[in-house]
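Written below as structure tokens is the structure these notes are about.
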Amino acid sequence: MSAPALRPSPTVNLETAFLGLRLENPFLLSAAPSTDDLDMARQGLDAGWAGVVLKTTSVEGTPVPLAYPMMSAMEWAGRRLVGMGNIDLISEHHIDAVEERVRILTREFPAKLIAASIMGSRKEDWQSLVWRLRDAGVHLIECSFSCPQGSMGERAGAMVAQSASATEKVAGWVKEAAEHTPVLIKITPQVADVVEIARAVKNGGADGITASNSVPALMGVDIDTFAPIPSLGGLGTYSGFTGPAIKPLTLRTVAEIARHVSIPISGNGGICTWSDAVELFAVGAQNIQICSAVMHHGFRIIDDLKSGLARYMERKGFTSVSDIVGKALPHIVDHDELPRRTLRSRIDESACLRCGVCFVACRDGGHQAIAMREDRLPVVDDERCVGCGLCPLTCPAGCIRMEIIP
Amino acid sequence: MFDLLSPHVAHREAWRCLVCWDAPCTAACPVHVPIPEFIARLRSNDVVGAEELVREANPLISTCGEICPDEQYCSRACVLRDAEGPIRVRELHRFVTASAHAPWPAWAPSRPERLAVVGAGPAGIACARELAALGWGVDVYERDAAAGGVVRHALAVGRFAVERLDSDLDALRGAPITWHMGHAVPSLREILESYAAVFYAPGTHRDVLLDLQGEDTLMVSGMEFLRGWRMGQGLDLTGKEVVVVGGGNASLDVALTACHAGAARVVLVYRRGPREMPVWRRELEQASSKGISVEYYAHPVGIIAEAGVVRGLQCRRTRLVDHGGRRPVPEDMEGFDFILPADVLLRAVGSEPERDEDVDVRWGSKATVPVTEAMETSRRGLFAGGDLVSREGTVVAAASHGLRAARAIHRMLGGRS
């Protein structure tokens, strides 16, 4: 018998439902390299992930001309992977292999969600993919309308999800074939109006949205050779940008959809920790798909995701993930609806390191409201301070806060 | 010595720096290396630019990168010291010097009149570099055959790679500096008569004595011992029991070199306690890791010898008495004598300058020459630096003397900076 825990683990139930499917927790492995191999999918599920979305597949014969290296990083301040870039394509395993995996995984992991992602071009491609998966017993079908590379949109190089009409049309084909199997449409954040796309998804009859795919980006330029990054013999192309850096984009995309369209959302893009996940729930996502954080730190991050979320829910008195979904939405308003208040910067001298970083920031990027005293302590001039809130962000000791002046 | 930081670790460490607005680290550095500025260049991967900044401020960049006691200067002033540990400035400095070598810009043609520097230790080297950079021709006079002073001759074997010093000297190739090396230095009076300004930094070469009977024949000068080893012909101590009398950093160098020389046991004798010991903690830790033990509160009172062969050192236990002075004074405890067995006795309690009585210059207490902020002595035109003016005893402090004097001389002679 194992020793009793000093403190009992949270007893909150993380079980949740999505499109009528039961999830043992709200964390799924998204369609990506980590789900492109049967054994890897097994390991992820064994580690505690509630389900997998098998990497995007297509009909037999669709060429998948991968080019290496495909990965790149946004580095900043000595941190290696603030953001991640890839020029990956869909899976090299076509529908035959994926269909077989669906059969195996649904049999081996009856309590897990086994989903598959597909991409096609012609109606018959999309529909045949759906039929194959449906017959194999897949729980959910996700359609990639938004792969930054090799996507099959209305015109070359464009994604399906960059056109509302294409989105609606293809979503309709897929749903028609899927019948009772739930269908998710994975969209891109790179559109003029994501709400319009979300409406198209709904009008096409799909059951939900995965928001959102990687962000088309140029990861960098080698300043010696002027080759894009990643460079493949001096040539490069745009990458799909993911990882911690894109979380704010995902939050905004999901919030916009949730505020304007009534459709279930699976959140995806830049989520690394349980608290990131809570934020995405709060703006309307019902569950979370993760890829980059797993590619960096491994399947094992599920431990922290689950225990951190449970502890948080216990502390806040939430009994179900659905209690959190949308909690932030009533707080998101347009700029003209914001309250106008008077704030002033307040510095806790006892914790101040006396580095003067706040002083420089305010001097050169604010309102010259901070002066440095002889003893190197920063002092706020209330007459000059407008309450912009820059200084607390720069403080390495975290000893500055903004006070509301009645 | 530590391994050089890898580029990635150096980069991360550079990003840990807060870039304080007024850089307390720079203020604490005797030569005021613009630390946040060079770290900023390191962050942006402009390593050559970083090296340029450090070299401009410190002519002994490679040397200091290896041996500067940053715990006494920049790291001590770092605002992160108590919060999460100071930025490893010296390690970054060392990374910069090891990774890049900015070419020194072409030396400006120098003025016809020449200036003199006496002593080619750290102070003299720095002064000559700065005078040359300011456009003066410089004559350096040095008794030794190679420049470097204590850095070359009086650091523990293994503590410092002389290649670092040589690399600093290499950077002065092409400078309008004439090195008069390996000959008796002309008298200070003669030099003063021939030059409009003189920087005098001859170092300290006379051993401070312990005043023990038989000391002159039975004790070995630590300074000479070190010099011998650094010149590659040191005294072999294989299997010997060695007692070093000292307490400062120089005595640690002597003790470490005694280990290197094969001593079976090395004991350092010090009059005060561990807290009073004026050494860099890092050096002390290194010494104890080599098995060197310290006999604290011990005052040597006699040499035990038989037929001219050393057998031991008789010491008297001391205790510290606070007389309200700067630090407590050790007083002998009569009747508490003991003998440390020894085959070899090394003396390293300090050294003093040799006074040139021929030149009228005011001397201060503790055998130092008082100087102004600009390093000028009581005699107009005679500037001094290095161990002659202060026993701070670091390369970077000596370099700061040379730099300050050079700039003052330049101003005195009407040069514009």
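The shown structure was predicted, so the numbers you read here are calculated from the model rather than taken from an experiment.
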How far does CD of A:E75 sit from CZ of B:R12, to the nearest 0.5 angstrom? 11.0 Å
For chain B, which residues of residues 352-386 of chain A have at least one non-hydrogen atom nearer than 4.5 Å to it? A:L353, A:R354, A:C355, A:G356, A:V357, A:F359, A:V360, A:M372, A:R376
Around atom CZ of B:R327, are there more than 12 heavy atoms of other residues, nucleotides or ligands at under 6.0 Å? yes
Please collect all salt bridge (charged side-chain N to carboxylate O under 4.0 Å, His left out) contacts where either partner lies in residues 37-51 of chain B, sequence neighbours excluded, each pair once. B:E51-B:R55
When you look at CZ of A:R79, are more than 12 heavy atoms from neighbouring residues, nucleotides or ligands closer to it than 6.0 Å? no
